[in-house]
Every structure is written in structure tokens, then in C-alpha cells.
Amino acid sequence: MRHAALGVVLALLAGAVMAPAQAEGGFDWPLPDWMPRPPVPEDNPMSAVKVELGRHLFYDARLSGDGTVACASCHDPARAFTDGRDRAVGIHGTVGNLNAPSLANVAYLPVNAWANPHMTSLEFQALVPLFGDAPDEMGATGQESRIFATLATDPNYSRAFAAAFPDRPGPDLFTVTRALAAFQRSLTSFDSPYDRFKYGGDLDALSEAAKRGEQLFFDHRFECYHCHQGVLFTDNFQREGSPWVETGFHNTGLYADYPATAPGRIEITGEPGDAGLFRTPSLRNVAVTAPYMHDGSIADLRGVLAHYARGGREGHANQDGMIVGFQASEAEIDDILAFLNSLTDETFLTNPAHADPWPDDHLARINRAAP
Ligand code: HEC
Ligand code: HEC
């Protein structure tokens, strides 16, 4: 578990208690009419200027201890904000224990971690990569004042912080984590061929193979939809105006004995029944987020299907009762793969509103580790 330094947490909470007035409005949710908005915390209203500030911070390597790691170093828009690695690599080449998850539609996820059910806020989550030390990701601990002072000298930021936080117009933990969270809430992805077929009424948007694959995905023989359900293809969901949230963690039988470096929800709860339980990932854009699972231990989607067909890779005492294995022909596997491929939203992957805003030779970017 990666604990943010206590002082940091207290500073952030103090900020929350004294929440200053912030610019509101002016943010148009880029959502289709069939999709409700995600919840937004009262102390961090959305605004176009704040989202734009958050985008600059997200791609700014100066937020890290040595100016080489940005959020974008592990969350690349072309890969639906994943990094193509099995496990994330942070500052000084530190290899972590977990795979970097996609940030597509992250605002709709009530829990923002593979295995920590208490990680329920994007504002708070940002402290983990910035200040966490097990593993080190951005290594900012102890360097906060220097980092914020550096950001404050950037003319882009003087204007942007003043616009987004008129009563508190400078970079600090309160403003930086809130702007990052606002940007991430704007990362919605609902324009895949499957969406055009299913919700947009375009019957030609899917191939015949993908249509057959959809039937199989929702069939009892395969049971995929029990956990990968609803509009995000996960049993984790929250939306605006609903006090009710859904969270789903399961053991899919990857290991007979989960390693201590990534043991699942038990790491937080200490409950033996939580060994090997991880949050069900959304399958939106899954074709571009390889490698797969919490530790990136399966290289491709065919491998994931082989794991389920076998009824778990190694099998575990806590393995979910839905994962019992199945017989499928090669043609059926190809159809399920065609369906999973139809969940890729090209508009999202290439959306200029999500892209790196910094010029090539800017300090925010020049030393930034590529994903
Ligand atoms: C070194 C690579 C790395 C860097 C840098 C990094 N992340 Fe992550 N990110 C990860 C990994 C690995 C996880 C999974 C952590 C976990 O489950 O405990 C993650 C998880 C997340 C999540 C949860 C997503 C979900 O599915 O709910 C969010 C949000 C996130 N990161 C945002 C950020 C932000 C904002 C920054 C910059 C301040 C950042 N990350 C920097 C690797 C990284
Ligand atoms: C019992 C619930 C459950 C069932 C049933 C289930 N999954 Fe999963 N799925 C999960 C969980 C939990 C994970 C993450 C497990 C981990 O990383 O340890 C996952 C991971 C995945 C991943 C990797 C995604 C990523 O981003 O790494 C894919 C792809 C996937 N499942 C597809 C399927 C398909 C296809 C089926 C049906 C054959 C299926 N799942 C059945 C719960 C389930």
C-alpha cells in the first residue's frame, strides 16, 4: 500500500475545509444524450478553465522530484491513458507492482485503484503518484515548495491558476490536485463502434463477427457480463444524482498464491476472503490497453480468454464462482475478440482536448519520460 505522507494529507484536508470560491460553469460535458453525467464533488466544481489547467499539469514533468515524470509518463492518451508496460515504471526507473489502468470514464468509477476500496476520490488519488513511496512514482515528497514555486514562475500557470481559482490563484496541493481531478473527469469515452450500434441505432457500425461476439459475451456459457456489466462493462459505477454506487472486486484465479507485492484487497482489509480480489476493470478501449490484469501478466486478449476458458490460470480458494471455465471453438473466440475490439473509441484516443498542450522544447516536457 502506498501511503502519502501524513503532513501532505493534513495539508490537503485543511484546504478542503477552507474551500475558496472557484470559477464555475463553462464546461460542456462531451456526452451523448443516453449517458448521464458523473458525480462531481461540491468542493471541486467543473469549469473549462480548470480542466484546461489540469491538462497542463497532467503533462508537466516538473511535478516530479527530478522533473522527468509526469502523469502522462504512465497514462498515454493514445493507449486510453495506459502505458503499454506490464507494471508501471516511475522515477529513477523504479518498477512498481501494478499495471497502470486506463483513465477513460474514470469519473464514473467510485473506487480509483485496483485493490484499495478506500480510494474514493480523484482529488485524493493524485497524492499517490505524487508522494507515494511504495513504489516511488513521481517522488515529490519533501520537494513540494520547490515544485510549486517553479510552477508559479511559469506565465501559462499564473494566468491559468488565477482563472480557475480566483480566490486562491497559485499552485499548491489544493489547487493542483483539484485541477488534475477536473481534467480527469473530462476524459469521457462513449463513441466506439459498439456505442454507435447499440445506442446510436447504426446497425452497420459492427461487423457480423462482433455482433456474434456480443451475443457470446452476454451468454451464460461465458458469464463475462456478470462482472463486466452495464455501460462501462464493469460492476463499478456511479453517476450524478444517485446516492447509490456499485463496487465489484473479484478473484479471477490468476495465482494459486498471490504475491505479497500485489495481494489484492486483503492488503487493505486484512480479511483472508479478500486475498486476490481486484476491482473489475472497464473493457472500454480494452484493445489498446495491453498488457492485461492488475500486474500486466497476460500479454494479449487471446491470452485473457484462454485464462477464462481454463477456469482461472492457476486457480485460488477465493476464485469467483462465475469463473468455471468453458469450451469454445476458435471461431467463437475470434468473435468475442471482434466484439472486444469494437469497444475502441478512436475519437477518444485522438481527442485534441486531451492531448499534450506543451510545446516540444518546453521544460514541462523536454525531460519527460515517454510511456
Ligand atoms: C509511474 C507510473 C504512474 C504515474 C507517473 C502516474 N500513475 Fe496513475 N496509476 C499508475 C498505477 C500503477 C495505477 C494503479 C494504482 C493502484 O491501483 O493502486 C494508477 C492509477 C491511477 C488512477 C486510478 C484509475 C482508475 O482506474 O480508477 C488515477 C485516477 C491515476 N492513476 C491518475 C494519475 C495522475 C493524476 C497522475 C499524476 C499526478 C498519475 N496517475 C501518475 C501509474 C502511474
Ligand atoms: C467474476 C467476475 C468476472 C468474470 C465472470 C469475468 N471477468 Fe474479466 N475481469 C474481472 C476482474 C476482477 C479482472 C481483473 C483481475 C486481476 O487483474 O486480477 C478482469 C480482467 C479482465 C480483462 C483484462 C482487462 C484489463 O484492463 O486488464 C479482460 C479483457 C476481461 N477481464 C475480459 C473478460 C471476459 C471476456 C470474460 C468472459 C469470458 C470475463 N472477463 C469474465 C472480473 C471478471
Side-chain angles (χ1 to χ4, degrees), residues 1-2 54 57-58 60-61 63-64 69-75 80-83 85 87-91 94-107 109-116 119 122 125-130 132 135-138 140 176-177 180-181 183-184 187 213 216-217 219 221-229 233-236 248-255 258 262 264 276-283 285-287 289-298 300-301 303-305 307-309 319-324 326 328 336-337 339-340 369 371:
M1 158 78 189
R2 294 172 295 176
L57 292 166
F58 189 87
D60 195 336
L63 278 175
S64 65
V69 185
C71 310
S73 297
C74 301
H75 296 289
F81 293 92
T82 63
D83 61 5
R85 299 188 168 104
R87 290 169 299 144
V89 177
I91 192 166
T94 311
V95 181
N97 305 316
L98 294 168
N99 178 259
S102 168
L103 302 182
N105 305 315
V106 72
L109 299 178
V111 168
N112 297 120
W114 277 107
N116 182 353
M119 188 58 72
L122 289 174
Q125 195 286 331
L127 298 173
V128 176
L130 283 168
D136 279 333
E137 291 188 336
M138 296 172 76
V176 166
T177 54
L180 282 168
F183 170 63
Q184 295 180 88
L187 303 177
L216 297 170
F217 186 88
D219 189 280
R221 178 156 51 115
F222 296 94
E223 305 285 20
C224 313
Y225 72 100
H226 281 290
C227 305
H228 300 284
Q229 59 179 253
F233 301 96
T234 165
D235 48 6
N236 291 264
F249 293 77
H250 308 273
N251 179 314
T252 64
L254 283 174
Y255 298 102
Y258 281 76
L277 269 67
F278 291 89
R279 187 192 63 173
T280 313
S282 168
L283 298 183
N285 301 297
V286 71
T289 67
Y292 300 106
M293 315 315 257
H294 68 272
D295 57 356
S297 61
I298 302 185
D300 55 27
L301 287 172
V304 175
L305 287 174
H307 146 74
Y308 285 115
Q319 186 170 322
D320 195 284
M322 293 289 171
I323 295 172
V324 292
F326 51 79
I336 297 180
L337 291 173
F339 166 68
L340 293 174

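Numbering of ligands and ligand atoms starts at 1, following listing order.
Separation of atoms CH2 (Trp114) and NE2 (His294) is listed at 8.0 Å; rounding is to 0.5 Å. Interatomic distance, Gln184 CD to Phe58 CZ, rounded to the nearest 0.5 Å: 5.5 Å. Going from atom OG1 of Thr280 over to atom CG of Asp235 covers 3.5 Å, rounded to the nearest 0.5 Å. Of the inter-residue distances, the one linking Leu254 atom CG with Asp295 atom CG reads 6.5 Å to the nearest 0.5 angstrom. The line from NE2 of His75 to OG1 of Thr82 is 9.0 Å long, rounded to the nearest 0.5 Å. Interatomic distance, CE of Met138 versus SG of Cys71, reported as 4.5 Å (0.5 Å rounding).
Proximity to Val106 (heavy-atom distance under 4.0 Å) selects the following atoms of ligand 1: 24 (C), 25 (C), 27 (O). Of all the atoms in ligand 1, the ones that sit under 4.0 Å from a non-hydrogen atom of Gln184 are 28 (C), 29 (C), 30 (C), 32 (C), 35 (C). Applying the 4.0 Å criterion to heavy atoms of Val111 picks out, from ligand 1, the atoms 27 (O). Close approach of ligand 1 to Val69 (heavy-atom distance below 4.0 Å) involves ligand atoms 5 (C). The distance from ligand 1 to the heavy atoms of Ala70 drops below 4.0 Å at these ligand atoms: 5 (C). Residue contact check: Leu122 has heavy atoms under 4.0 Å from atoms 29 (C) of ligand 1. Taking a cut-off of under 4.0 Å to the non-hydrogen atoms of Leu103, the atoms of ligand 1 that pass are 22 (C), 24 (C), 28 (C), 29 (C), 30 (C). Near Gly90, the atoms of ligand 1 lying under 4.0 angstrom from a non-hydrogen atom of the residue are 1 (C).
Using a 4.0 Å cut-off between heavy atoms, His75 contacts ligand 1 through its side chain alone, with no backbone atom that close. By the criterion of a heavy-atom distance under 4.0 Å, neither the backbone nor the side chain of Met119 is placed next to ligand 1. When non-hydrogen atoms are compared, ligand 1 lies under 4.0 Å from neither the backbone nor the side chain of Ser73. Contacts between Pro129 and ligand 1, counted as non-hydrogen atom pairs separated by less than 4.0 Å, involve the side chain only.
The shortest heavy-atom contact between Ala115 and Gly264 is CB-C, 3.6 Å. Taking both residues in full, the closest heavy atoms of Leu63 and Leu57 are given as CD1-O, 3.3 Å, listed atom of the first, atom of the second, then distance. The two residues Val95 and Pro135 have their closest heavy-atom pair at O-CB, 4.4 Å. The nearest pair of heavy atoms linking Gly303 to Ile298 is C-CG2, 3.4 Å.
A 4.5 Å side-chain heavy-atom check between Asn285 and Phe81 finds every atom pair outside the cut-off.
Taking 4.0 Å as the cut-off, Pro135 does not count as a neighbour of ligand 1 on heavy-atom distance. The closest approach between any non-hydrogen atom of Ile91 and ligand 1 is not below 4.0 Å.
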Check ligand 2 for close polar pairs with the protein: N or O on both sides, less than 3.5 Å.
residue  : atom   : partner : partner atom : Å
ligand 2 : 7 (N)  : His228  : NE2          : 2.9
ligand 2 : 7 (N)  : Tyr308  : OH           : 2.7
ligand 2 : 9 (N)  : His228  : NE2          : 2.9
ligand 2 : 9 (N)  : Tyr308  : OH           : 2.6
ligand 2 : 17 (O) : His294  : N            : 2.6
ligand 2 : 17 (O) : His294  : ND1          : 3.1
ligand 2 : 18 (O) : His294  : ND1          : 2.7
ligand 2 : 27 (O) : Met293  : N            : 2.8
ligand 2 : 31 (N) : His228  : NE2          : 2.9
ligand 2 : 31 (N) : Tyr308  : OH           : 2.8
ligand 2 : 40 (N) : His228  : NE2          : 2.9
ligand 2 : 40 (N) : Tyr308  : OH           : 3.0

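Relative orientation of the Phe326 and Phe222 rings is perpendicular, given thresholds of 30° and 60° on the angle between their planes. A perpendicular orientation is assigned to the rings of Phe233 and Phe339, their planes being inclined by more than 60° (bins at 30° and 60°).
In summary, no N, O or S atom of Cys74 is located under 2.8 Å from atom 8 (Fe) of ligand 1.
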